[in-house]
Amino acid sequence: MVLGWRQSGVYHVKIRFNGVPAEERLHWRSFLVKLGADNLKGVKNEELLVASHKSVYIVYTVLGDVSIFVVGKDEYDELALAEVIFAITSAVKDACGKIPTERLFLDKYGKICLCLDEIVWKVS
């Protein structure tokens, strides 16, 4: 699971790698930052975008000032990932009380992480 946000013009990414070898993590981080920078300009809130790279699917969206990426392969195809991203966007909106601005997201970051950990724990 990946959360991205822009702060003072700098794009930050928080990635939770499950089952990804350490040597591949830097590659994925760079790829996702570039993917977001290239494709998320002008996207409407919760509009889903889909990409594939190295036999994996990436479903991503924007929610206010926050970019959300979900990556999977095999049985976690784009349809399954779309359901997961819906749960994530709902959790972020619930934790923030509305669609998050950058400031609200950072203020509620601890609560958001607890909600997302609960989602990941239930799925795992």
> When you look at Val43 and Tyr60, which way does the side-chain contact (heavy atoms from CB on, under 4.5 Å) test go after all the steps?
Replying inline: CA-CA 11 Å; Val43 172; Tyr60 56 112; over 6 Å; no

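- For the atom pair Leu114 CG and Lys108 NZ, the distance stands at 12.5 Å (nearest 0.5 Å).
- In the hydrophobic cluster analysis, where Ile, Leu, Val, Met, Phe, Trp and Tyr join through side-chain heavy atoms closer than 4.5 angstrom, Leu104 is grouped apart from Ile88.
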> Stepwise, does the side-chain contact (heavy atoms from CB on, under 4.5 Å) test hold for Phe69 with Leu35?
Replying inline: CA-CA 10 Å; Phe69 302 79; Leu35 184 69; 4.3 Å; yes

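- Looking at Val71, Leu49, Leu79, Ile85 one by one, the single match for side chain to side chain contact (heavy atoms under 4.5 Å, CB included) with Val59 turns out to be Ile85.
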> Please walk me through it: do Glu47 and Val62 pass side-chain contact (heavy atoms from CB on, under 4.5 Å)?
Replying inline: CA-CA 7 Å; Glu47 179 181 347; Val62 169; over 6 Å; no

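- A 4.5 Å side-chain heavy-atom check between Leu106 and Arg103 finds at least one atom pair inside the cut-off.
- Here the straight-line distance linking atom CD of Glu46 with atom OG of Ser90 works out to 7.0 Å at 0.5 Å rounding.
- For the pair Ile112 and Ala95, the tightest heavy-atom approach, listed with the atom from each and the gap, is CG1-CB, 3.7 Å.
- Within 6.0 Å of the CD atom in Glu83, the count of heavy atoms belonging to other residues, nucleotides or ligands does not exceed 12.
- For the atom pair CD1 (Ile68) and CG (Leu116), the distance works out to 8.0 Å, reported to the nearest 0.5 Å.
- Residues meeting the salt bridge (Lys or Arg N to Asp or Glu O under 4.0 Å) test with Lys111, sequence neighbours left out: none.
- In this structure, Asp74 has no salt bridge (Lys or Arg N to Asp or Glu O under 4.0 Å) partners at least two apart in sequence or on a different chain.
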> Step by step, would you call Asp65 with Phe105 a side-chain contact (heavy atoms from CB on, under 4.5 Å)?
Replying inline: CA-CA 8 Å; Asp65 293 341; Phe105 178 82; over 6 Å; no

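- Counting heavy-atom neighbours within 6.0 Å of Phe86 CZ, excluding the residue itself, gives a total of 12 or less.
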